[in-house]
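Working notes, structure below.
Residue numbers start from 1 in every chain, and the chains themselves are labelled A, B, ... in the order their sequence lines are given, proteins ahead of strands.
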Number of protein chains: 2
Amino acid sequence: MAETISNLSRKEQVIRMAAELFKEKGYSAASMRDLAQKLGIEAASLYSHIKSKEEILRTLCFDMAADFRASLLEVEKKNVSAREKLRLGIIGHVKVMARDLTASAVFMNEHRHLSQPYLRDFLLLRINYINRFKTIIEEGVSSGDFKKDIDTKLAVMTLFSSLNWMPAWFSPDSTIEPEKLGEQLSDMLINGLKQKV
Amino acid sequence: MAETISNLSRKEQVIRMAAELFKEKGYSAASMRDLAQKLGIEAASLYSHIKSKEEILRTLCFDMAADFRASLLEVEKKNVSAREKLRLGIIGHVKVMARDLTASAVFMNEHRHLSQPYLRDFLLLRINYINRFKTIIEEGVSSGDFKKDIDTKLAVMTLFSSLNWMPAWFSPDSTIEPEKLGEQLSDMLINGLKQKV
DNA sequence: TTCTTCCACTAACAGTTGTTAGTTTTGTCG
DNA sequence: CGACAAAACTAACAACTGTTAGTGGAAGAA
């Protein structure tokens with residue numbers, strides 16, 4: 001139906017603008033009137049397109065979550081070493097983020113404003129994703145790819161901390177491509193800063 | 001004066017509670033009535049102790065900033081290699097955070113809600129701090145401590161991303177001491193995950 | 001006792017919040 | 001043209017926002 005298509009299109013426009021606003025001011029500080037103004041309409045008109053403010057946040061968070069999940073699934077299927085899996089996983093994660101830096105920033109910083117039960121669901125997805133990276137690292141420790149004395153929990157938290165702040169400082173008009181950036185990041189985490197002797 | 005001391009004491013109590021609330025719900029979503037309730041008083045009573053909601057945020061952010069600055073200054077004074085300076089700088093940073101994880105979380109995630117000109121001042125302090133770490137890394141590259149082909153900007157951003165998310169996942173009742181944690185973090189960043197061959 | 005300081009209170013303000021109900025404009029298709 | 005749906009509008013709601021003014025009680029010092 002034509003109506004659905006055009007509705008989606010306008011709805012997506014609203015959601016995209018909302019993402020920018022949420023990133024800029026934070027979810028709570030961003031008002032529906034702010035959002036409306038950015039779109040050149042009245043606040044009440046927004047409700048022709050969305051059910052509530054939180055529905056927008058939900059859409060942003062869960063759509064990103066699905067993308068991350070899909071990316072990791074692709075990597076897990078491959079029959080390669082743990083070190084290579086980690087490398088590909090990191091690159092995949094960076095690429096997903098780079099595809100929509102604005103939504104990524106909201107995904108990371110604003111998800112806590114989801115209400116129950118959505119918050120619970122979201123956190124479950126997240127912990128699952130993180131644990132699957134942890135498994136990869138543990139595989140690497142067993143196989144001898146990685147050092148035996150590392151704290152895998154600390155390692156995986158460090159990994160995600162590094163990855164997740166990317167939207168905050170990576171500028172979209174940067175010359176570096178996401179693929180290359182992911183490569184450098186994974187190199188830094190795996191090999192460290194130190195010069196080999 | 002006795003009045004000043006007891007005033008400070010109660011004021012600090014208010015600020016500490018506010019820090020917890022800001023961390024939990026975010027600055028914007030945390031209302032003065034929420035804060036009052038946590039203290040068992042009326043919202044208006046808060047204004048016997050503080051001038052405004054933002055004054056609390058300002059205190060939290062700038063006090064933390066001063067602590068970070070002092071810690072780094074101590075490290076810079078030492079006459080050691082760049083690698084050692086980076087190690088000590090990281091450990092110092094972690095220790096400052098660990099001293100007040102709640103305030104650290106607010107410092108990191110809520111500073112953007114400062115209004116001008118405080119926001120500008122804060123960001124200047126922050127960029128200065130980061131740049132001084134960057135200088136240490138650049139020294140390390142020159143001296144051969146670190147690899148020549150690393151992107152120092154990326155390296156320093158990765159470093160801070162890792163460090164700064166600590167308050168989010170480090171639990172205060174963890175068995176690991178801040179010193180040890182800083183040690184492990186610096187080891188991971190400098191040496192990487194990879195097993196030496 | 002009286003003075004002073006701290007710390008709480010009640011009452012109220014002007015502005016903002018997300019959202020609703022009902023209506024009208026706009027553009028497309030038959 | 002007329003029909004229909006998309007997308008905008010106006011008006012209003014109840015609740016909540018940070019904050020001020022003015023007041024009163026409690027505790028310690030003079």
Is atom [atom1] of [X] surrounded by more than 12 heavy atoms (other residues, nucleotides or ligands) closer than 6.0 Å?
{"X": "B:Gln37", "atom1": "CD", "answer": "no"}
{"X": "A:Tyr118", "atom1": "OH", "answer": "no"}
{"X": "B:Phe122", "atom1": "CZ", "answer": "yes"}
{"X": "A:Lys153", "atom1": "NZ", "answer": "no"}

key: Side-chain heavy atoms of B:Pro167 within contact of B:Met108, under 4.5 Å   =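 B:Pro167 reaches B:Met108 side chain to side chain.
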Just how far, in rounded Å, is [atom2] of [N] from [atom1] of [X]?
{"X": "A:Asp34", "N": "C:dT16", "atom1": "CG", "atom2": "C1'", "result": "10 Å"}
{"X": "B:His49", "N": "C:dC9", "atom1": "NE2", "atom2": "C1'", "result": "12 Å"}
{"X": "B:Glu42", "N": "C:dT10", "atom1": "CD", "atom2": "P", "result": "5 Å"}
{"X": "A:Ile41", "N": "C:dT25", "atom1": "CD1", "atom2": "P", "result": "18 Å"}
{"X": "A:Leu46", "N": "D:dA6", "atom1": "CG", "atom2": "P", "result": "17 Å"}
{"X": "B:Lys11", "N": "C:dA8", "atom1": "NZ", "atom2": "C1'", "result": "17 Å"}

task = Measure distances between side-chain N and O atoms of B:Ser48 and base N and O atoms of C:dA8, and say whether any donor-acceptor pair falls under 3.5 Å.
result =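 Pair found.
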query = Is there a donor-acceptor pair closer than 3.5 Å between any side-chain N or O of A:Asp34 and the backbone N or O of A:Ser31?
reply =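 The answer is yes, because a donor-acceptor pair under 3.5 Å joins these two groups.
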request  = Would you tell me whether A:Thr158 and B:Ser162 have side-chain atoms, one donor and one acceptor, within less than 3.5 Å of each other?
outcome  =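 B:Ser162 and A:Thr158 do not have a side-chain donor-acceptor pair below 3.5 Å.
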remark   = A correct 5'-to-3' footprint of nucleotides 18-24 of chain C, with B, S and - meaning base, sugar-phosphate only and no protein heavy atom under 4.0 Å, is BBB----
request  = Taking ring pair (Phe, Tyr, Trp, His ring centres under 6.0 Å) as the test, write out the residues that go with A:Tyr27, two or more places apart.
outcome  =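 Once residues adjacent in sequence are excluded, the partners of A:Tyr27 under the ring pair (Phe, Tyr, Trp, His ring centres under 6.0 Å) criterion are A:Phe22, A:His113.
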task = Using a cut-off of strictly less than 4.0 Å between a heavy atom of the residue and any atom of DNA chain D, enumerate the qualifying residues of residues 16-23 of chain A by number.
result =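 Those residues whose heavy atoms fall under 4.0 Å from DNA chain D, taken from residues 16-23 of chain A, amount to none.
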